[in-house]
Participant: 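This structure is in structure tokens; I'll ask about it shortly.
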Amino acid sequence: MNKAQVVEFFSRLAADNPHPETELEYGNPYQLVVAVALSAQATDIGVNKATRRLFEEVKTPAQMVALGEAKLKQHIKTIGLFNTKAKNVIALSEQLIADHGGEVPADRDALEKLPGVGRKTANVVMNVAFGAETFAVDTHIFRVGNRTGLARGKTPLAVELKLDKIVPQPFRLHAHHWLILHGRYVCKARTPECWRCVVCDLCAFKPKTPAPRQRGA
DNA sequence: CTCCCGATAT
DNA sequence: ATATCAGGAG
């Protein structure tokens with residue numbers, strides 16, 4: 001995909017959704033960190049379902065530590081990997097209190113030192129909470145980048161670095177959300193819905209099954 | 001590379 | 001029944 005095509009790619013996704021946002025629910029940067037940490041290998045809908053009640057009583061690291069690991073597990077029991085996530089969230093909260101005065105650091109390296117926070121989660125927090133032009137490559141972006149030919153790589157990090165090179169202004173701030181939402185609702189893992197994709201003509205992927213017959217159309 | 005792990009879509 | 005879901009750590 002050449003430069004003009006990349007611009008066209010994002011122009012269309014932007015026209016489709018001018019103000020893309022995360023679908024994770026949170027009230028402050030701390031809750032965002034927790035929500036994203038909980039979202040590994042789980043759906044945003046499933047995470048929101050659990051955090052809605054949790055975040056009513058827990059808004060700070062201190063309140064999370066006070067709640068305790070056992071009660072936290074009960075809150076997030078419906079999310080996959082809940083044992084390790086509960087342990088990480090408690091430890092992460094303790095570390096925020098000990099090393100950062102209970103605040104979320106606006107620093108990628110500091111974020112990555114938090115238990116349960118890797119490069120992808122740190123990139124999400126930097127982008128959503130602090131407006132940094134980061135590219136958080138999750139399962140959706142990894143798939144969309146490789147499938148379309150926009151940004152190919154064998155690892156999420158490789159795709160991230162590729163995106164950082166090729167995505168121009170004024171798309172850099174929201175590129176990662178445009179790609180995620182596109183991957184979640186159109187360029188799906190199992191059954192990509194190419195017949196209603198706005199960038200299908202720019203895409204390297206050619207579906208074997210055509211658009212389904214619509215009733216009355 | 002393996003393990004972690006419930007809910008949902010296909 | 002199985003693949004997939006805003007991954008990270010050992």
Side-chain angles (χ1 to χ4, degrees), chain A residues 13 17 20-26 29-55 69 72-96 104 108-130 132-147 150-151 153-160 163 173-195 207-209 212:
Chain A
L13 293 183
N17 185 358
E21 294 178 345
T22 178
E23 295 186 328
L24 289 169
E25 297 171 5
Y26 66 100
Y30 169 66
Q31 291 184 336
L32 175 66
V33 173
V34 174
V36 180
L38 292 177
S39 71
Q41 298 293 285
T43 61
D44 282 14
I45 294 172
V47 173
N48 290 338
K49 202 170 174 182
T51 56
R52 215 122 54 196
R53 290 186 59 262
L54 174 65
F55 288 166
E69 189 177 320
L72 173 57
K73 277 188 187 178
Q74 294 305 319
H75 276 279
I76 66 173
K77 196 81 174 171
T78 54
I79 306 176
L81 319 180
F82 66 92
N83 275 305
T84 51
K85 286 175 181 175
K87 189 181 300 291
N88 282 336
V89 168
I90 295 296
L92 160 170
S93 301
E94 291 172 338
Q95 191 169 316
L96 285 177
V104 177
R108 249 268 316 279
D109 294 325
L111 287 169
E112 280 194 52
K113 288 177 184 169
L114 298 171
V117 177
R119 190 180 181 90
K120 175 256 163 182
T121 297
N123 278 333
V124 173
V125 173
M126 287 304 295
N127 179 265
V128 176
F130 303 117
E133 292 171 357
T134 53
F135 304 87
V137 178
D138 68 338
T139 182
H140 296 298
I141 298 187
F142 185 73
R143 178 181 66 252
V144 172
N146 278 299
R147 181 183 278 166
L150 172 72
K154 291 178 180 171
T155 66
L157 177 59
V159 172
E160 178 189 331
L163 285 170
L173 181 61
H174 297 304
H176 114 260
H177 278 129
W178 280 315
L179 292 173
I180 263 206
L181 295 172
H182 183 64
R184 183 176 297 162
Y185 297 113
V186 181
C187 195
K188 302 182 192 178
R190 291 230 200 149
T191 55
E193 301 180 1
C194 303
W195 63 89
K208 297 173 183 65
T209 54

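A, B, ... follow the sequence lines: proteins, then strands. Residue 1 opens every chain.
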Participant: Mark yes when over 12 heavy atoms from residues, nucleotides or ligands other than A/Leu157 sit less than 6.0 Å from its CG; otherwise mark no.
Facilitator: yes

Participant: Find the distance A/Asn88:CG to B/dC3:C1' and express it as a whole number of Å.
Facilitator: 13 Å

Participant: Nearest heavy-atom pair of A/Lys188 and A/Arg143: which atoms, and what distance?
Facilitator: C-NE, 3.6 Å

Participant: What distance separates A/Tyr185 OH from A/Glu23 CD, expressed to the nearest 0.5 Å?
Facilitator: 3.5 Å

Participant: Could you state the CD-P distance from A/Glu23 to C/dC5, rounded to the nearest angstrom?
Facilitator: 14 Å

Participant: Is it true that, when you exclude A/Lys73 itself, more than 12 heavy atoms of the residues, nucleotides or ligands shown sit nearer than 6.0 Å to its NZ?
Facilitator: yes

Participant: Quick one: CD1 on A/Ile180 to NE2 on A/His177, what's the gap to the nearest 0.5 Å?
Facilitator: 6.0 Å

Participant: If you pin A/Val128 and A/Leu114 to their nearest nucleotides in DNA chain C, which one's is more 5'?
Facilitator: A/Val128

Participant: Is there a residue in residues 137-145 of chain A whose heavy atoms reach under 4.0 Å of DNA chain C, and which residues are they?
Facilitator: A/Asp138, A/Thr139, A/His140, A/Arg143

Participant: Take the protein atom CG of A/Leu92 and the nucleotide atom C1' of C/dA9, then report the distance between them rounded to whole Å.
Facilitator: 14 Å

Participant: State, with a plain yes or no, whether a side-chain heavy atom of A/Phe130 is found less than 4.5 Å away from one of A/Val125.
Facilitator: yes

Participant: By the 4.0 Å heavy-atom rule, please label A/Val124 as base, sugar-phosphate, or nothing.
Facilitator: base

Participant: Please tell me which of A/Asp44 and A/Pro115 maps to the more 5' nucleotide of DNA chain C, matching each residue to the nucleotide holding its nearest heavy atom.
Facilitator: A/Asp44

Participant: Apply the side chain to side chain contact (heavy atoms under 4.5 Å, CB included) test between A/His176 and each candidate in A/Val137, A/Leu181, A/Leu163, A/Ile141; give the one that qualifies.
Facilitator: A/Ile141

Participant: How long is the gap from OG1 on A/Thr121 to CG on A/Leu32, to the nearest 0.5 Å?
Facilitator: 9.5 Å

Participant: For nucleotides 4-10 of chain B, just jot down a letter per nucleotide in 5' to 3' order: B, S or -, based on protein non-hydrogen atoms under 4.0 Å.
Facilitator: BBBSSBB

Participant: What verdict does the side-chain contact (heavy atoms from CB on, under 4.5 Å) test give for A/Leu114 and A/Leu96, after you've listed the backbone C-alpha separation in whole Å, the side-chain angles of each residue and the deciding distance to 0.1 Å?
Facilitator: CA-CA 8 Å; A/Leu114 298 171; A/Leu96 285 177; 3.9 Å; yes

Participant: Select base, sugar-phosphate, or nothing to describe what A/Thr22 touches, counting heavy atoms under 4.0 Å on all strands.
Facilitator: base

Participant: Between B/dC4 and C/dA1, how far apart are the two P atoms, rounded to whole Å?
Facilitator: 23 Å

Participant: Name the nucleic acid region contacted by A/Gly46, choosing base, sugar-phosphate or nothing; use a 4.0 angstrom heavy-atom cut-off, strictly under.
Facilitator: nothing

Participant: Rounded to whole Å, please give me the gap between CD in A/Glu25 and C1' in C/dA6.
Facilitator: 14 Å

Participant: Are any of the side-chain heavy atoms of A/Lys49 and A/Thr78 separated by less than 4.5 Å?
Facilitator: no

Participant: Counting only non-hydrogen atoms, which of residues 173-185 of chain A are less than 4.0 Å from DNA chain B?
Facilitator: none

Participant: Measuring from A/Asp44:CG to A/Thr22:OG1, what's the distance to the nearest 0.5 Å?
Facilitator: 6.0 Å

Participant: In whole angstroms, how far is the P atom of C/dG7 from the NZ atom of A/Lys87?
Facilitator: 22 Å

Participant: Please say which of A/Ile76, A/Val47, A/Val89 ends up in a side chain to side chain contact (heavy atoms under 4.5 Å, CB included) with A/Val34.
Facilitator: A/Val89

Participant: Can you tell me, in whole Å, how much space there is between the P of B/dC5 and that of C/dG10?
Facilitator: 15 Å

Participant: Pick the P atom in C/dA6 and in B/dA9, then give their distance to the nearest Å.
Facilitator: 12 Å

Participant: Atom NZ of A/Lys120 to atom C1' of C/dA9: distance rounded to whole Å?
Facilitator: 15 Å

